[in-house]
Amino acid sequence: MSQRRDLDAVSTSSYANAVTSTATVPTTMAYLPQTVVLCELRHAAFEASTPTGPSDSGLVSKWRPKDRMKTGCVALVLCLNISVDPPDVIKISPCARMECWTDPFSMAPQKALETIGKNLRDQYERWQPKARSKVELDPTVDEVKKLCNTCRRYAKSERVLFHYNGHGVPKPTANGEIWLFNKSYTQYIPLPISDLDSWLKTPSIYVFDCSAAGMVVNAFIELLDCGTSNYPGSSRDCVLLAACEAHETLPQSSEFPADVFTSCLTTPIKMALRWFCTRSLLHESLDSSLIDKIPGRQNDRKTLLGELNWIFTAVTDTIAWNVLPHDLFRRLFRQDLLVASLFRNFLLAERIMRSANCSPISYPMLPPTHQHHMWDAWDMAAEICLSQLPSLVEDPNAEFQPSSFFTEQLIAFEVWLDHGSEHKKPPEQLPIVLQVLLSQCHRFRALVLLGRFLDMGPWAVDLALSVGIFPYVLKLLQTTTPELRQILVFIWTKILALDKSCQVDLVKDGGHVYFIRFLNSAEAYPEQRAMAAFVLAVIVDGHRRGQEACIEAGLIQVCLKQLHGFTQNEAQTEPLLLQWLCLCLGKLWEDFTEAQTIGLQADVPGICAPLLSEPQPEVRASVVYALATLLDVGFDSFRDGIGGDEECDDVEKNRAEMIIIKSLLNVVSDGSPLVRAEVAVALAHFAFGHKQHLKSIAAAYWKPQPNSLLNSLPSLANLKGTGSGNIVSSQIGPLTAMVRDGRVSTSSPLATAGIMHGSPLSDDSSQLSDSGILNDGVSNGEVNHSRPKPLDNAMYSQCVLAMFTLARDPSPRVASLGRLVLSIIGIEQVTKSVKPAGNSAWPSDPANSSSTPSISGLARSSSWLDINGGHMPLTFRTPPVSPPRQNYLAGIRRVCSLDFRPHLMNSPDSGLADPLLGSTSGSERSLLPQSTIYNFSCGHFSKSLLTASDDSEELLAKREEQERFALEHIAKCQHSSVSKLNNNSQIASWDTKFETGTRTALLQPFSPIVIAADENERIRVWNYEEATLLNGFDNHDFPEKGISKLCLLNELDDSLLLVASSDGNIRIWKDYTLRGKQKHVTSFSSIQGHKPGVRSLNAVVDWQQQSGYLYASGEISSIMLWDLDKEQLVNSIPSSSDCSVSALASSQVHAGQFAAGFVDGSVRLYDIRTPDMLVRTTRPHTQQVARVVGIGFQPGLDQGKIVSASQAGDIQFLDIRSQRDTDLTIDAHRGSLTALAVHRHAPIIASGSAKQLIKVFSLKGEQLGTIRYQHTFMAQKIGSVSCLTFHPYQVLLAAGAADACVSIYADDNSHTR
């Protein structure tokens, strides 16, 4: 692409030189703005539904063990009858003999029996030292019954373990009876399993170590199925472990002990190593007696025995976790320590005994695990440990080399993290990562990997919680290791983003102190401190114990110290931290008076107010939330009729309320609905506390008053005028004010009497600013007691006005909140269908309006109050809420009962049904709208914080492709000569079916789509290649309609459609081409502080992608500059003209540069990068003064070259840098020019006239063609050309006219038809 002419060569004015230095962007990229706006989380979610905060119930809490249990008692029954073999057993020789690692034939039978009993008791005690154990050796039925009853009595509701060794009695019977002895050992006596169950009750765990043990399990399952429960009402919690199936006998091979099942369950390491030894390559070099001499303690991981035990636990836990359903895993492996140990060891029993053709079984049944590949990892670790054994036994001081098992497993986990995802198999190593947290040397790495895993999404957090991570990370909060702090805060952020219920555990264990300390540490990064603030916010969220604990620990001071730091120094702050400090404070003093008092003493309103101008909407909304929760201070003391006067005299409190309300009113017209919604919620709470005062003010504003009453009203002279200091000394009716942006422009409709007597009215009446509110003492006919007022009248009236502003908000959700607030102060809105009376006392002719300053500000398109001569019924026009009624109160009905029952809107988005209110204030208060910013903000932490989302690459690719397309076509546009555009060039024509004709249209850059809108703000989207209607929708439901412009935002990415209404309201849509799927992204009112006496604002706006700015003006004396990235009014540029702006255009290549055309025909160029903003004023349209209809920048990179067209029909080409006012003039249409379009890149412009003519010119002024609108099949006359628009990158022209037809024309070169 060739460089355009060098800019400096042509810069003649100092302005051009000054700005050129900033324009050193490569030419091609100057055409491709890199700014992208309005695609944050808040835009996806605000109107649709707000993401919820951390859940405190439901799906998530499943991970919590229902109730942790203990096994309190162990009953051991040994029926060995040593030296007498049972009749149904034929033993082989040599035969398995060892019982509890003791040879019963190595001593006298009785002594052997006692030794075995004692050993078994010791073996169980290792797993559950605190349980009480009782042993019965070769017992009778009565002894077993007594044992069972004693155990149940002792254990109370805890679990009882019943271990039965039946090696000296026959196999269980088919009915499931086990055998015991009679007193004289002459007979075997059966004991039905049902009896045993009735004595032991629930919860219980049974271990049956005998041949055909499966018989007992089958009988037990039958018993459970029959439901012959011995304890109705309670659910059965019985677990059974049995040595073999019903048809199997125990292995007799001498390589095993006789009680191989018991040995696996109670001495797993010894059993596993002995079994492994015979199968390993080490078996020749290793003497199996060494296994008994393994040095160390089982619970000391730094010794050989401890490490083996640790690896064994990790392996068996991992196998169980990967094979079992998660709820079963939690029940068996996480609820009861003893049950968990026995089940881990049961997996070993299955592996060892299956090698001897014997299958241990359990109830609940487990899937087979004996061939799981994790056993290989165990074998390897065991081999490495065993190979060190001889040297360690020889030399007790020898150094023990730890196994690489855990390091390798962490590597495997890391590999999974690199390649795994939610839709793949979950990582097997999760339980091992848990085990690794116990060891200091691996802990940091394990936590980092765990953090990466949790970041993959809520499913990962849920998985980690169900594997049992919670107690581990809770315990780690007691460590003081500095390097673990950041990662622990991250992990807790992820856990609490999913499950709020952990707040209780954290406070119980004093975990909150850890996070407060972290929040207060200077060396932590701001984003990490934001996470700590989030964790603390969840800890105090609706949790009184948490609030108290955090206040004791000084959380308020820590947060305020940081906020204060932000407001003092101008350093770049981390918005996320600001946001969460405010949310944390808000949650801390929500409904908690003690904290609110501390906050007020610390001057929170003063510290937070400056933050309301922060650039991030989320921060502003959070500040509003923090201030609003503080507003509830002494909520009840302001409730009318409740509380003594002394509470209301609390000057401090009132001062704070004043500051807070003032701050909130400043953002009532914020650019982000997120912020306005919070203001509406805050005002609802405020209105509820100050209902009576607000009601009386609303009554004074909107009460129809007969003249007689008006004349008796007190004069305003004794009321201070806060605005300009003027005092209107006459009997004025109630002031009527409109509030915008918290600035009040107040107009005073005078009482009819006043006007008749020609009372002097200051021209500054629009500055009177809320001074007079009448007759406040009387409300609804009831006289208030002369209690001091909490706040002054001016404040209350500003609040009422703010409420009306919110009820008319362009965002549906904010508007419904606004209507709710109005209903709290007793104002319901009804649609008014009555036309204003013809004999109105007010001159309705616009020509006269200038002579009556008194109607200043009254007639405003979106909310004008129409005043009829006789008795001034004021009407408030609003969206239809209830069916139209007679005009007996002219549109506003007051709810006239003192205990006010709000008429709540039944709108789905207010989240409130129409309730029957009880008389208690509590239930009324619960109906107030709730803030959503906290829940909304929590959504941020549920998302992945460490990795970019997957779709970003896809978006980049799409963007690159569109940039390529754009550059290619820009080059074509710049270099091709445009051939004729005339009637033959029409490639498509579309009947939009708009009754009022097409008002504005827009061509999409990368698809054959045209978007058009009519005066009633209906928007239709049409594909002109396929001639199909893609979508159609209404911009809004308000009765006042009128469209100003359509613009595309982010056109090089996923574009958004900006719709500007003529009242200055901006609404932005996405997915607007999908039928019925269009989504409201955001909306705001772009014009604030309009001129007095203006009925319609006739807004003009333009969008500049380079800077992310929206310029808006109209019948106002300034040009509003909105930054859509911040969703904030960043500047209000005085238009330095008495008349209003009629056309606006922003430069598409120089950010911050825009031109405005005025009603008087003057043109001004502005550049916000220069100190005084206004660059130059010219008056190009000299032949006859007419309004500027269209204005645009000439294509190319030149500074300040403009095309301007006036209604008189002349088109002027201006170069701001030359001294002449115009470079070239085209007389296009005599006296009837209605539309102008300037191509962004091709040297071509088009103009349309009221006489259905479109003319196309080159930049040199040659006419390239004329398009006459054909008489269509409709015979009547076709209206004027209402809109013209060029395709940004092709020579395509779309034209709309009053006959609802949109036609598209292409020049021959650019579009093959």
Side-chain angles (χ1 to χ4, degrees), residues 25-48 615-618 671-672 940 943-944 947-971 973 1002-1011 1019 1021 1023 1030-1031 1045-1060 1066-1074 1077-1084 1101-1111 1122-1127 1146-1152 1240-1241 1285-1290 1292:
V25 207
T27 317
T28 51
M29 291 327 278
Y31 294 126
L32 303 176
Q34 301 301 307
T35 333
V36 179
V37 295
L38 303 180
C39 42
E40 303 291 322
L41 183 67
R42 61 178 182 269
H43 301 117
F46 178 75
E47 290 296 342
Q616 294 76 18
E618 291 88 346
S672 168
H940 169 77
K943 296 202 323 271
S944 171
T947 51
S949 60
D950 301 338
D951 52 357
S952 53
E953 285 178 16
E954 213 173 292
L955 292 174
L956 272 174
K958 181 179 171 186
R959 159 114 196 174
E960 277 168 16
E961 184 190 332
Q962 296 192 340
E963 281 187 359
R964 224 178 9 256
F965 175 93
L967 287 174
E968 228 168 81
H969 283 77
I970 288 171
C973 285
L1002 180 68
L1003 285 166
Q1004 268 220 340
F1006 303 111
S1007 42
I1009 287 175
V1010 59
I1011 304 156
I1019 294 155
V1021 184
N1023 181 321
L1030 300 177
N1031 195 10
K1045 181 151 190 181
L1046 298 174
C1047 303
L1048 272 194
L1049 274 53
N1050 308 341
E1051 64 174 39
L1052 288 165
D1053 298 272
D1054 277 341
S1055 61
L1056 302 171
L1057 178 66
L1058 180 147
V1059 186
I1066 305 287
R1067 292 175 178 82
I1068 294 169
W1069 300 88
K1070 71 173 191 183
D1071 300 339
Y1072 51 89
T1073 55
L1074 308 174
K1077 298 249 179 73
Q1078 68 278 355
K1079 290 195 190 70
H1080 194 125
V1081 175
T1082 184
S1083 46
F1084 61 98
V1101 301
D1102 200 21
W1103 161 247
Q1104 190 174 51
Q1105 186 78 40
Q1106 269 76 359
S1107 55
Y1109 290 154
L1110 180 82
Y1111 305 96
W1122 290 87
D1123 182 326
L1124 286 201
D1125 189 40
K1126 302 172 178 169
E1127 296 185 57
S1146 61
S1147 161
Q1148 290 305 315
V1149 285
H1150 302 294
R1240 208 189 286 178
H1241 300 290
T1285 178
F1286 278 111
H1287 188 286
Y1289 307 120
Q1290 294 174 351
L1292 282 181

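Remember, predicted model here, so these are calculated numbers, not experimental data.
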**Study point:** Between Trp1122 and Phe1084, ring centroids under 6.0 Å
**Key:** yes
Check your understanding: Any side-chain heavy-atom pair from Ile1019 and Leu1057 closer than 4.5 angstrom?
Key -> yes
Point to revise | Donor-acceptor under 3.5 Å (Ser1055 side chain, Leu1049 main chain) | key: no
**Study point:** Validation row: Leu1052, Phe1006 side chains within 4.5 angstrom (heavy atoms)
**Key:** yes
Check your understanding: What distance do Gln1004 atom CD and Leu1048 atom CG have between them, rounded to the nearest 0.5 Å?
Key -> 5.5 Å
Exercise for review: Identify the heavy atoms of Val1101 and Lys1045 that sit nearest to each other, and give their distance.
Suggested key: O-CD, 3.3 Å
Check your understanding: Which distance, rounded to the nearest 0.5 Å, do you find between the CG of Leu1124 and the CG of Leu1058?
Key -> 7.0 Å
Review point. How long is the span from the CG atom in Leu1110 to the CG atom in Asp1123, to the nearest 0.5 Å?
Key: 10.0 Å
Check your understanding: With no hydrogens and no angle check, do the side chains of Asn1031 and Thr1073 hold a donor and an acceptor under 3.5 Å apart?
Key -> no
Exercise for review: Work out which heavy atom in Asn1050 is nearest to a heavy atom in Gln1105; give both atom names and the distance.
Suggested key: N-OE1, 2.7 Å
Review point. At their closest point, which heavy atom of Val37 faces which heavy atom of Gly1108, and how far apart are they?
Key: CG1-CA, 4.4 Å
Exercise for review: Just jot down the side chain to side chain contact (heavy atoms under 4.5 Å, CB included) partners of Lys1077, sequence neighbours excluded, or say none.
Suggested key: Leu1074
Exercise for review: Could you pull out the closest heavy-atom pair between Leu32 and Ala966, with the gap in Å?
Suggested key: CD2-CB, 3.9 Å
Revision key, fill the gap. Taken to the nearest 0.5 Å, the spacing of Trp1069 CH2 from Lys1079 NZ works out to 11.5 Å
Check your understanding: Under a 4.5 Å cut-off applied to non-hydrogen side-chain atoms, are Tyr31 and Val1149 in contact?
Key -> yes
Check your understanding: Short question: side chain of Thr35, backbone of Gln1106 - any donor-acceptor pair under 3.5 Å?
Key -> yes
Practice item. Could you give me the CA-CA distance, side-chain angles and deciding distance for Gln34 and Arg959, then say whether side chain to side chain contact (heavy atoms under 4.5 Å, CB included) is met? Key: CA-CA 10 Å; Gln34 301 301 307; Arg959 159 114 196 174; 3.4 Å; yes
Check your understanding: Would you find a donor on one side and an acceptor on the other, under 3.5 Å apart, between the side chain of Ser1107 and the backbone of Tyr1109?
Key -> yes
Revision key, fill the gap. Which of Gln962, His1241, Glu1051 passes side-chain hydrogen bond (donor to acceptor under 3.5 Å, both in side chains) with Tyr1289? Answer is Glu1051
Exercise for review: Please determine, by modelled atom types, if Ser1147 and Gln1104 share a side-chain donor-acceptor pair under 3.5 angstrom.
Suggested key: no
**Study point:** Distance, nearest 0.5 Å, that separates CG of Leu956 from CD of Glu960
**Key:** 6.0 Å
Practice item. Decide whether a cation-pi geometry holds between Arg1240 and Phe1286; the criteria are a distance under 6.0 Å from NZ or CZ to the six-membered ring centre and an angle within 45° of the ring axis. Key: no
Point to revise | The single option from Arg42, Glu1127, His43 passing side-chain hydrogen bond (donor to acceptor under 3.5 Å, both in side chains) against Thr1082 | key: Glu1127
Exercise for review: For Asp1102 and Ser1146, work out which heavy atoms get closest and say how close.
Suggested key: OD2-N, 2.7 Å
**Study point:** salt_bridge(Arg964, Glu968) N-O dist < 4.0 Å
**Key:** no
Exercise for review: Calculate, to the nearest 0.5 Å, the distance between atoms SG and CG belonging to Cys1047 and Leu1056 respectively.
Suggested key: 12.0 Å
**Study point:** Basic-acidic side-chain contact under 4.0 Å: Asp1053, Lys958
**Key:** no
Check your understanding: Counting only N and O atoms by type, is there a donor-acceptor contact under 3.5 Å from the side chain of His1287 to the main-chain atoms of Pro1005?
Key -> yes
Point to revise | Salt-bridge present (Asp1054, Lys1070; N to O < 4.0 Å) | key: no
